[in-house]
Amino acid sequence: MSLITPKDLGKPAAQLINYDDLMPLSAPYSEDKGGGPAEVKPEWREKYCTSLDGCVAIDTLRQPQSQEEREKLVSGFLAGLAKLFTDANKGVRQPLELSFEYCAKCNTCSEACHIFQATGAEPHRPIFRAEALRKLYRKYCGGGGPLLRRLTAGDIDATWELIARLGELAYRCNLCRRCAQACPLGLDNSLFAKEIRKIFSSLGLAPTPIHEKGSVLQLKVGSSTGIGKAAFLDMVEFLEEDIGERIGRPLKIPVDKKNADILLYHNAGEFVAWPENPAAYAILFNEGGLDWTLSSEAMTYDSVNYGIWYDDAQAKKIALKQMEAMKALGVRRVVVGECGHAHKAAAVVADRYVKAEERLPVESSFPILAEIVKSGKIRFDPAKNPFPVTLHDPCNLVRQMGISQPQRDILRAIAPGFREMSPCGAHNYCCGGGSGFAIMNSPNFGAFRDHVSARMKFDQILRAFAPEMEDASIPKYVCAPCSNCKGTIREFFKAYKATARYNLQYGGLVELMVNAMSDIETPYLEFLQ
Amino acid sequence: MLIGICAYAAVGLFFALTVRKFLYFAKMPLHGRMELYPVPGEPGRSHGGSYMENPEWWRRERRTDKAAEFSEMLKEILLIKRLRENSRAIWWASYPFHLGLYLLAAWTVLLVFAALTGLTGGIVFALTALTGYGGFACGLLGALLLLVRRIADEHYRVYTTPQEFLNLGLLIALLLTGLCAWGGGFAKAQDFMGGVLRLQAAAPDLMTGVHLALLFALFIYIPLSKMSHYVGKYYSFHHFLWDNAPNLKGTKVAEEIARGSK
Ligand code: SF4
Ligand code: SF4
């Protein structure tokens with residue numbers, strides 16, 4: 001088969017790539033060849049753009065019904081493209097222009113990308129979408145005559161098919177930036193995926209789970225879960241009772257405490273999917289003697305900011321509203337719970353949005369937790385965590401914020417079976433759910449995530465637990481201190497029946513800490529109960 | 001005289017256009033934080049950590065290790081470290097090519113030294129021969145390997161634009177003509193450099209003329225093209241991947257934001 005080139009994105013074909021020969025997995029899954037997202041229903045082909053790989057990420061992008069609709073997408077995209085290097089895009093202009101201009105096409109980044117490594121599919125090569133975008137820009141926005149266009153390979157035709165596939169392709173990159181770590185010129189191909197997403201979003205085309213049911217809902221209700229204040233307070237009350245019973249002592253979770261030192265800022269999805277996580281925080285922060293509170297005010301009980309994955313304007317709107325609401329609480333500092341992208345959004349992305357004095361300091365909870373362990377304020381008995389444990393490094397938290405040691409210090413103190421994945425720390429691979437994939441499921445995107453983008457992570461886990469892997473009597477715990485990573489791991493464990501067959505378990509860091517607390521008798525981790 | 005004037009003009013333009021490129025990126029508005037770890041300027045955190053690994057990090061004095069940053073950059077410039085670690089096969093082509101250019105830069109400095117001091121023999125001549133032959137050989141070998149890889153391997157070929165092929169072609173032509181023009185013995189190059197510096201260079205033979213025309217043209221073309229990645233690389237590392245300066249009161253970043261550049 002001839003190599004797929006960026007120009008081929010415009011080629012008439014029912015499906016450009018498939019996933020029937022994926023990277024082999026380690027034992028006991030070595031027979032798995034992938035097969036990828038098996039089902040592409042005919043009605044999906046009629047409705048969405050399935051012609052890249054059969055999967056649909058942008059469910060709001062529909063097959064055009066008229067020539068006018070075709071032209072609307074193309075002209076809208078090109079108009080967005082023309083603004084790439086203007087001050088309207090100043091938050092990213094310099095890195096973007098550097099990455100656009102200086103790529104040496106050395107392909108070093110390809111080796112670093114888990115999606116390209118998992119598939120070997122040319123369109124997943126990190127420079128593929130960058131090159132498609134360069135060609136489009138040079139042809140339609142670059143100026144110069146036909147000779148310059150020829151010289152710079154501005155030779156790609158902007159058709160509906162090409163733009164639509166490029167839009168889908170922008171959602172086959174986790175924005176994990178591992179490729180940028182490897183680049184000898186310090187360039188970042190994830191920027192192009194993000195820019196394509198931004199242009200699509202400006203045309204009203206973004207995946208429903210991250211825009212309509214994410215950012216829009218959050219700005220309207222105060223949380224992307226759709227949970228309002230009353231429901232949030234109910235949930236906290238339920239948690240106090242339920243977990244209090246489980247640990248055999250009353251659990252008090254402070255909410256809306258005036259002038260507290262710390263506002264603990266959770267991804268609200270935790271309360272819904274893994275309530276034992278915020279409960280574990282409450283136990284540790286209470287016993288650690290911290291002056292802290294949760295807040296029930298809109299925007300302050302949900303730390304997520306999906307805007308950072310697809311639309312800078314949405315990201316800024318959410319971050320500013322969050323900051324404003326948090327300042328009104330009178331707390332001294334904001335401490336982010338186990339959510340990687342929320343860490344980055346609040347502490348790094350939003351850092352330069354407003355003047356220094358208009359911001360509350362934001363920090364991660366991991367250094368605080370490590371101090372609690374070090375201080376001896378809480379007694380831990382590592383023997384209570386006798387099973388193998390490995391640590392996943394959420395990209396936003398580790399590669400993009402440099403917070404990696406505190407988690408390790410904690411694990412070394414409370415989990416004797418801790419072993420690193422390979423590679424680990426700042427060079428670890430993405431879980432496969434980064435940049436929204438964790439919550440994108442319909443119509444069939446979940447299959448791409450579970451089998452393709454998460455493949456490398458699953459293999460790392462299998463390798464980390466190789467000695468005990470096939471002994472189902474031994475629980476094997478993947479510590480994933482991030483809501484989105486946990487969600488992804490949950491889904492691919494399900495897809496591979498990894499828990500049922502091999503007793504692979506996953507969860508956060510704080511649950512493991514509470515499980516090791518000397519004065520709590522019943523195991524905190526559900527799989528030990 | 002004409003050759004001397006052209007030489008001064010080409011070198012002058014090279015530096016002027018390079019400075020212009022630096023200024024072009026320097027004047028861009030402050031971008032959002034997009035650091036990527038490991039950041040070498042983080043003291044004591046070679047594991048890829050940052051100041052944010054401390055509780056209440058904003059209350060501590062922020063220390064940066066400029067020497068570590070400088071040494072990392074030096075390794076990148078002199079050894080092309082990232083390529084070596086992540087793509088050894090390409091490094092075997094790219095490294096001799098870059099090494100060749102560095103040696104030729106040293107060779108040029110030695111020619112100027114000889115012309116200015118009149119010290120042309122002994123150690124100066126030996127070093128001139130070493131850097132000259134070494135430079136042309138390494139440069140040519142590397143550039144040819146890069147070209148062959150780009151042509152033979154379709155995973156490189158499809159992404160390489162005609163301009164990028166042209167750039168490589170121009171560099172190979174420059175090195176080849178240079179080797180033909182000066183390779184017979186570098187005394188001629190020393191003499192010629194003296195003439196150029198005093199604006200009294202004799203009319204060159206055909207091969208030397210072609211080589212000089214290419215050289216002067218490339219001096220002007222390089223800072224205008226993506227071959228100016230020596231500028232890009234500075235910004236992409238120092239101002240993009242390694243810029244983790246927080247927006248705290250009294251810092252340069254805070255001042256810039258207050259001035260409204262963000
Ligand atoms: S590693 Fe950098 S320079 Fe090389 S192809 Fe990738 S982005 Fe381009
Ligand atoms: S950001 Fe991550 S997923 Fe995207 S191209 Fe780079 S390595 Fe691959």
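The figures here come from the full heavy-atom set of this structure, side chains too, leaving out hydrogens, waters and symmetry mates.
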Proximal component of [X], with respect to chain B [non-hydrogen, under 4.5 Å]:
{"X": "A:Tyr102", "value": "both"}
{"X": "A:Glu111", "value": "side chain"}
{"X": "A:Cys183", "value": "backbone"}
{"X": "A:Leu191", "value": "side chain"}
{"X": "A:Arg178", "value": "neither"}

In terms of heavy-atom pairs under 4.5 Å with chain B, which of [options] leads?
{"options": "A:Pro406, A:Gly425, A:Ala426, A:Pro367", "answer": "A:Pro367"}
{"options": "A:Arg93, A:Gln94, A:Lys355, A:Glu358", "answer": "A:Gln94"}
{"options": "A:Leu187, A:Thr152, A:Thr5", "answer": "A:Thr152"}
{"options": "A:Arg134, A:Lys7, A:Glu122", "answer": "A:Glu122"}
{"options": "A:Met401, A:His427, A:Gln400, A:Glu371", "answer": "A:Met401"}
{"options": "A:Ala153, A:Pro184, A:Ala180", "answer": "A:Pro184"}

Gap between atom CG of B:Leu170 and atom CE of B:Met227 - 0.5 Å precision: 6.5 Å
For A:Thr119 and A:His124, what are the C-alpha separation, side-chain angles and deciding distance, and is it a side-chain hydrogen bond (donor to acceptor under 3.5 Å, both in side chains)? CA-CA 8 Å; A:Thr119 60; A:His124 294 319; 4.6 Å; no
Parallel, tilted or perpendicular: ring planes of B:Trp242 versus B:Phe237, cut at 30 and 60 degrees: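 The arrangement is tilted - the two ring planes meet at 30° to 60°.
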Could you check whether the rings of B:Phe22 and B:Tyr235 sit parallel, tilted or perpendicular, using 30° and 60° as the cut-offs? tilted
Are there over 12 heavy-atom neighbours, none belonging to [X], within less than 6.0 Å of that residue's [atom1]?
{"X": "B:Trp58", "atom1": "CH2", "value": "yes"}
{"X": "A:Lys83", "atom1": "NZ", "value": "no"}
{"X": "A:Arg149", "atom1": "CZ", "value": "yes"}

Tell me, side chain or backbone of [X] under 4.5 Å from chain A's heavy atoms, or both, or neither?
{"X": "B:Tyr24", "result": "side chain"}
{"X": "B:Ala93", "result": "neither"}
{"X": "B:Leu36", "result": "both"}
{"X": "B:Arg59", "result": "side chain"}
{"X": "B:Glu35", "result": "both"}
{"X": "B:Glu56", "result": "both"}
{"X": "B:Thr251", "result": "neither"}
{"X": "B:Leu83", "result": "both"}
{"X": "B:Arg150", "result": "side chain"}

Is the A:Phe116 to A:Phe128 ring centre distance short of 6.0 Å?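 Between A:Phe128 and A:Phe116, which both carry aromatic rings, the centre distance is not below 6.0 Å.
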Ring centres under 6.0 angstrom apart (B:Phe25, B:Tyr234):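 No, too far apart.
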Do A:Asn305 and A:Gln314 meet the criterion of a side-chain donor-acceptor pair at a distance under 3.5 Å?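 The answer is no; no qualifying pair exists.
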Stacked cation flag A:Arg125 on B:Tyr159, 6.0 angstrom / 45 deg: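 Here A:Arg125 fails the 6.0 Å and 45° test against B:Tyr159.
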